[in-house]
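Here the structure comes first, spelled out in structure tokens, and everything after it is commentary.
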Amino acid sequence: MRARLERIMARYGQSVILTRRETGASMAVRAFVQPVRRQREDLPVAATPLGAVSRQRWLYIGPPEPAPAPGDRLALDGLRLAAQEVQAVRWRDQVLYCRCVLRREKEAAD
């Protein structure tokens, strides 16, 4: 199952540059990144084909290696994001993928 997910990410994923907070080392990763859907009352939001989405929080689904750690930075398509919450998604004993909630970096949001 993990190999199938990795093939899907390699073919359809976005190019993301992951920069480690501790070392400053950068590496290219193929992953899925999209805005987090929000309720209409929550601000700030933008209308998209997905519905109302947050401009501040993003969802990352990527390979288990290299997985972002809290505080790591990710860059794609002019966006600069920072990893906030990271979770390994498992099936039995195997890590299938990494799920991460990202937020815009302060200097990129200003």
Side-chain angles (χ1 to χ4, degrees):
M1 186 178 287
R2 179 174 167 175
R4 181 178 288 169
L5 286 171
E6 287 176 353
R7 284 193 306 270
I8 290 169
M9 284 183 237
R11 183 168 183 180
Y12 300 107
Q14 300 157 279
S15 294
V16 179
I17 303 298
L18 170 63
T19 304
R20 297 288 185 195
R21 176 181 55 125
E22 294 175 355
T23 63
S26 295
M27 60 199 82
V29 178
R30 298 286 291 182
F32 297 104
V33 179
Q34 69 180 31
V36 174
R37 291 201 55 196
R38 302 289 256 187
Q39 298 295 326
R40 288 184 187 244
E41 314 72 66
D42 296 342
L43 295 175
V45 296
T48 71
L50 297 173
V53 296
S54 170
R55 294 182 188 155
Q56 302 300 319
R57 295 173 62 94
W58 298 75
L59 177 64
Y60 167 98
I61 295 176
E65 292 297 326
D72 286 352
R73 287 172 291 177
L74 294 97
L76 74 148
D77 297 332
L79 283 173
R80 292 180 50 196
L81 306 166
Q84 229 177 343
E85 302 169 26
V86 180
Q87 178 183 17
V89 178
R90 297 177 177 274
W91 186 68
R92 297 186 181 169
D93 294 343
Q94 187 177 34
V95 177
L96 294 179
Y97 61 90
C98 174
R99 180 184 179 278
C100 183
V101 176
L102 310 170
R103 64 170 167 71
R104 282 189 159 202
E105 285 190 326
K106 287 185 172 89
E107 55 271 6
D110 294 338

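Computed from a predicted structure; not experimentally measured. All heavy atoms count here, side chains included; hydrogens, waters and symmetry mates do not.
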Q.
Assess the residue pair Y60 and R99 against the criterion (side chain to side chain contact (heavy atoms under 4.5 Å, CB included)); give the C-alpha distance rounded to whole Å, side-chain angles, the decisive distance to 0.1 Å, and a yes or no.
A. CA-CA 6 Å; Y60 167 98; R99 180 184 179 278; over 6 Å; no
With a 4.5 Å limit on heavy-atom distance, are the side chains of [X] and [Y] in contact?
X: R80; Y: R104; value: no
X: V33; Y: L59; value: no
X: P64; Y: L96; value: no

Q: Could you tell me which non-hydrogen atom of P66 sits nearest to which non-hydrogen atom of L18, and how far apart they are?
A: O-CD2, 4.0 Å
Q: Quick one: closest heavy-atom pair of C100 and A83, and the distance?
A: SG-CB, 3.7 Å
**Q.** Those residues that, when tested against Q84, pass side chain to side chain donor-acceptor pair (under 3.5 Å) (two or more places apart)
**A.** R57
Using the rule that two of Ile, Leu, Val, Met, Phe, Trp, Tyr join whenever any of their side-chain heavy atoms come within less than 4.5 Å, decide whether [X] and [Y] are in one cluster.
X: V95; Y: M9; value: no
X: I17; Y: L81; value: no
X: V86; Y: Y97; value: no

Q: Give, for atom CG of L102 and atom CD of E85, the distance between the pair rounded to the nearest 0.5 Å.
A: 10.0 Å
Q: For a side-chain contact (heavy atoms from CB on, under 4.5 Å) with W58, tell me which candidate from L79, V101, L74 qualifies.
A: L79
Q) For A67, what residues pass the side-chain contact (heavy atoms from CB on, under 4.5 Å) criterion, not counting sequence neighbours? A) C98
Q.
Considering only residues two or more places apart or on different chains, which pairs with a residue in residues 61-72 satisfy side chain to side chain donor-acceptor pair (under 3.5 Å)?
A. R20-D72
Q) Does anything in residues 5-15 pair up under side chain to side chain donor-acceptor pair (under 3.5 Å), and if so which pairs, sequence neighbours excluded? A) R2-E6, S15-R30
Q. What do you reckon, is CD of Q94 surrounded by more than 12 foreign heavy atoms closer than 6.0 Å?
A. yes
**Q.** Set of residues satisfying salt bridge (charged side-chain N to carboxylate O under 4.0 Å, His left out) with respect to R90, sequence neighbours excluded
**A.** none
